[in-house]
There are 4 protein chains.
Amino acid sequence: MSQSRAADAEGAAKDAGATGKTGAPAKPRRRQARGEARIAQLLKAAADVFGATGYTAASTNAIAREAGVSPGTLYQFFPNKEAIAVELGDHLLTRWRETYGAAFLADHLELPLDRMLDATLDPLIEFNCANPAFTVLMHGSEIPGMVTKDHDAVHVTMLGRVETILAGYLPDKPPAEVTRIATMIFHIFKSGLDVIMAHEGEEREAYIREMKTVLHRYLEPMIPDDTAAGSRSRHTP
Amino acid sequence: MSQSRAADAEGAAKDAGATGKTGAPAKPRRRQARGEARIAQLLKAAADVFGATGYTAASTNAIAREAGVSPGTLYQFFPNKEAIAVELGDHLLTRWRETYGAAFLADHLELPLDRMLDATLDPLIEFNCANPAFTVLMHGSEIPGMVTKDHDAVHVTMLGRVETILAGYLPDKPPAEVTRIATMIFHIFKSGLDVIMAHEGEEREAYIREMKTVLHRYLEPMIPDDTAAGSRSRHTP
Amino acid sequence: MSQSRAADAEGAAKDAGATGKTGAPAKPRRRQARGEARIAQLLKAAADVFGATGYTAASTNAIAREAGVSPGTLYQFFPNKEAIAVELGDHLLTRWRETYGAAFLADHLELPLDRMLDATLDPLIEFNCANPAFTVLMHGSEIPGMVTKDHDAVHVTMLGRVETILAGYLPDKPPAEVTRIATMIFHIFKSGLDVIMAHEGEEREAYIREMKTVLHRYLEPMIPDDTAAGSRSRHTP
Amino acid sequence: MSQSRAADAEGAAKDAGATGKTGAPAKPRRRQARGEARIAQLLKAAADVFGATGYTAASTNAIAREAGVSPGTLYQFFPNKEAIAVELGDHLLTRWRETYGAAFLADHLELPLDRMLDATLDPLIEFNCANPAFTVLMHGSEIPGMVTKDHDAVHVTMLGRVETILAGYLPDKPPAEVTRIATMIFHIFKSGLDVIMAHEGEEREAYIREMKTVLHRYLEPMIPDDTAAGSRSRHTP
DNA sequence: GATGAATGAGGATTCATTCAT
DNA sequence: TATGAATGAATCCTCATTCAT
């Protein structure tokens, strides 16, 4: 944040210029084919480096090196380090939607809670294990009291997703409370994910079950009886 | 702890020895007094800087500056940056025990679950709000998949505490499972704490209640009926 | 050598490959040109600083300053201080071989001892006077009892050279003894060089003669009579 | 040299003041008994540290720590780091004279060359092995072209000693030449000593013999026949 | 677009030396 | 005297970012 100065403005200006004709909003800069490839290459490298070392410890030079390009090239596509994280977040989010998300929202609302948790969490866990950078980006900058940062599209989006799903299950809760519950769930999920990813094999599975139990027991008493009657079966013997 | 201030410890021991025989009070360790004050001052500064920026982004120079001393002075008392974190962890842990911990463990085992959660969490939350550095130190080095680091006396200690308390409530669970549950609880607490500290006033209170609800609902079904009969009353209406 | 400029080497290889097919001359590696020049510049600066102050007292910042570049630039080409010494050693060794070394070994074996000493030592002394850093690098890290260090390619190479030549003159000595004699000679040479370089003009010449006398008298009695019959003429009247 | 500033002047002034009454030259400051003990303690520590790490790498704090005193105490007796080396040099030189030197000069002049070398070198080598700091101090500051430094009382004294002995063996050489030969011998001895101290057991003995051979062969042809008739016997078979 | 050289402030740490007690 | 706290410049090295080609 403090470290990106004028370049940001420039980058923004460039975008504005490129998209100015259509009047469409800024995000997807028009880039030539070669540019797209480079960007993919760089985002892949960034994912590896962020995933391996975290955001702060990742150096832009390391990302460029991992991508096999020069630092200058990296900065031709990203105005600064944070922009890489932002774009990587977008990219992973898109990949996530493409991979599992098509029927994500719609279907789950009809499931009983325990099935919904399985249906929601399993692919998400899988995705995070396959893309540790996603986990990294879901966590804000980790400084307590400063939970959200600029590159938290991932954070914001995922939280919104949780909230949306949740709203379907808790139709009679006031929105503020739904938000609060969603926030809790999302944080429980994130930290649970850390534990899960820190283990392997059967231990990992056990922690996955444990996290589902936590969430199930937390949510179940809030859900009106008619909404998914069978949900109580598994986790509350 | 073991690596920091070995010289000081020696010096202290010598002083103690010298004054022990005569029973004379503080005088001859007056030398130490300034040092002791500096250490307190440095730890205070470190707490501020760690709390404000996190461990990694905190620079030793910034800590020294915050303490109003030169970098060299800092290194007269701490061999390196991590030692500062370790010592600060020890210090906060001690302060924590002194402030709330005297009757911490013993009393709580007899409480019903909801009272125990109040008795346990409220002071801990209060302490963390007053000492954000404690929160920072409770979190490991934040890189997912590398949950524990060296300066995690705080992490280790707190986790152990949770486990101990938990064992009292879950006498019939196998140890491995107790560990797993304790791990989950501790992580839920940490991430809940982040949310709590990111809010203020009534919102903060609401999140505190929410976190307690999560934990209560998670734990309650595991506790044998005879242990804390009334515990079900509050959070599961 | 192995640790420095790996990236550069890669880059060079890529360039070479790119231009190799077409047979086109230098153009596409123009990028490298600046870098190559900087490296030469930095090595020159390092030679000056090492030569003036010795390895330990030489600071990387001083070398960068002497080269007229920023510290960062230096570290773009060398991973650390020692690598500078290693590379400088390689460089000087190469220069030495290119300048005097072509016929170095082959020819000398046929010379009588005194001529061989002249032929061997004179250019070496000259080279050292012109490149004091070479002298610095020939000396290990100077702490007695720890004669060899890592950047001692120069040390090792020169000692090997002495040993090889010597073996030709002492065909009937066991290898271990040849090694020992070579070690003695090399150390005598190094310390003689210090004396020589500490003097100038006629005094310097006198010390050069003196060192040759020492070595001649030391070696001559060991050489079989048939090997260099006339060798006794000069220094042992 | 460059690092000691005003303190030197102060120290000098203090000395002058202390000895001003008697008008005697400066060196031996009047020190109380306790002071003498401290100085001995500090010099012992300095010898250990210099011997272990060399002059440059030795830190005054390390010396103080090794002596079990505070840095401030060290600076109460020595104005700066170099003064420690100077005083340690004096001290070792004195110890050397006391141990082996009583009859050092006088007796040796009558010996044949090879016996003289044994008589001279053996104790010196022994002393150096027992006091590596002596070796360290005998070497100047190691930067070629700057052979002598300030703390080289040891260097100067030992060189003078060599020269004196040598003069007895080479009565018909002009003084300048004797000086030159002495310089060569001393440097050969110093570098030979490094090799010797870098080895152990039989290898060390072999190097000792080798060094004596070098010196013997160097000197023997210069000595008038009547001076030490039997000297040729051993090393020139 | 791509390159890689260049920057320079900043990071952790050390050390000779001084000063208040 | 002795202490040990205090200093601050200097050390090696890193990194986000810029610039000339």
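Since we're looking at a predicted model, the values are computed, not measured. Chain letters run A, B, ... following the sequence lines, proteins first and then strands; every chain starts at 1.
- Residue Q76(B) contributes atom CD, which lies 15 Å from atom P of dT18(E) at whole-angstrom precision.
- Every pair tested for salt bridge (charged side-chain N to carboxylate O under 4.0 Å, His left out) that includes a residue from residues 54-63 of chain B fails, sequence neighbours excluded, so the list is empty.
- Among residues two or more places apart in sequence or in another chain, the side chain to side chain contact (heavy atoms under 4.5 Å, CB included) test is passed with A58(C) by V49(C), F50(C), T53(C).
- If you measure from atom CG of L74(A) to atom C1' of dA16(F), you get 10 Å, rounded to the nearest angstrom.
- Atom NZ in K81(D) sits roughly 12 Å away from atom C1' in dT17(E) (whole-Å rounding).
- Where DNA chain E pairs in unbroken runs of 3 or more (Watson-Crick or G-U, both distances under 3.5 Å), the stems are E:2-21 with F:2-21.
- With rounding to whole Å, R65(C) atom CZ is found 17 Å from dA6(E) atom C1'.
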N/O donor-acceptor pairs under 3.5 Å from side chains in residues 60-70 of chain D, not counting sequence neighbours:
residue	atom	partner	partner atom	Å
S70(D)	OG	T73(D)	N	3.4
S70(D)	OG	T73(D)	OG1	3.1

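- Residue pairs meeting the salt bridge (charged side-chain N to carboxylate O under 4.0 Å, His left out) criterion with at least one partner in residues 38-63 of chain B, sequence neighbours excluded, are K44(B)-D48(B).
- Projected onto DNA chain E by closest heavy-atom contact, P71(C) and N61(B) fall at different nucleotides, the more 5' of which corresponds to P71(C).
- Between Y75(A) and dT17(F) there is a side-chain polar atom (N or O) within less than 4.0 angstrom of OP1 or OP2.
- K81(B) forms no cation-pi arrangement with Y75(B), by the criterion of a distance under 6.0 Å to the ring centre and an angle within 45° of the ring axis.
- Using a 4.0 Å heavy-atom cutoff across all strands shown, T60(B) reaches at least one base atom of the nucleic acid.
- Between the C1' atom of dT7(F) and the CG atom of L42(B) lies a distance of 14 Å, rounded to the nearest Å.
- Looking at heavy-atom distances under 4.0 Å, T73(C) makes contact with a base.
- The CZ-P distance, from R34(B) to dC19(E), rounds to 13 Å in whole Å.
- dA2(F) atom C1' lies 14 Å from atom CD1 of I39(D), rounded to whole Å.
- OP1 or OP2 of dA2(E) has at least one side-chain nitrogen or oxygen of R38(A) nearer than 4.0 Å.
- F77(D) places its CZ atom 9 Å from the C1' atom of dA2(F), with the value rounded to the nearest Å.
- A58(C) comes within contact range of the sugar-phosphate backbone alone, with a heavy-atom separation under 4.0 Å but no base atom that close.
- When heavy atoms are screened at a 4.0 angstrom cut-off, S70(C) is found touching base atoms of the nucleic acid.
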For a side-chain contact (heavy atoms from CB on, under 4.5 Å) check, start with the C-alpha distance between F78(D) and I39(D), then their side-chain angles and the critical distance, and finish with the verdict. CA-CA 9 Å; F78(D) 302 98; I39(D) 286 173; 4.2 Å; yes

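- Residue order along DNA chain E, read from the 5' end via each residue's closest nucleotide, puts G72(A) first among G72(A) and S59(B).
- The two residues A133(D) and L88(D) have their closest heavy-atom pair at CB-CD2, 4.1 Å.
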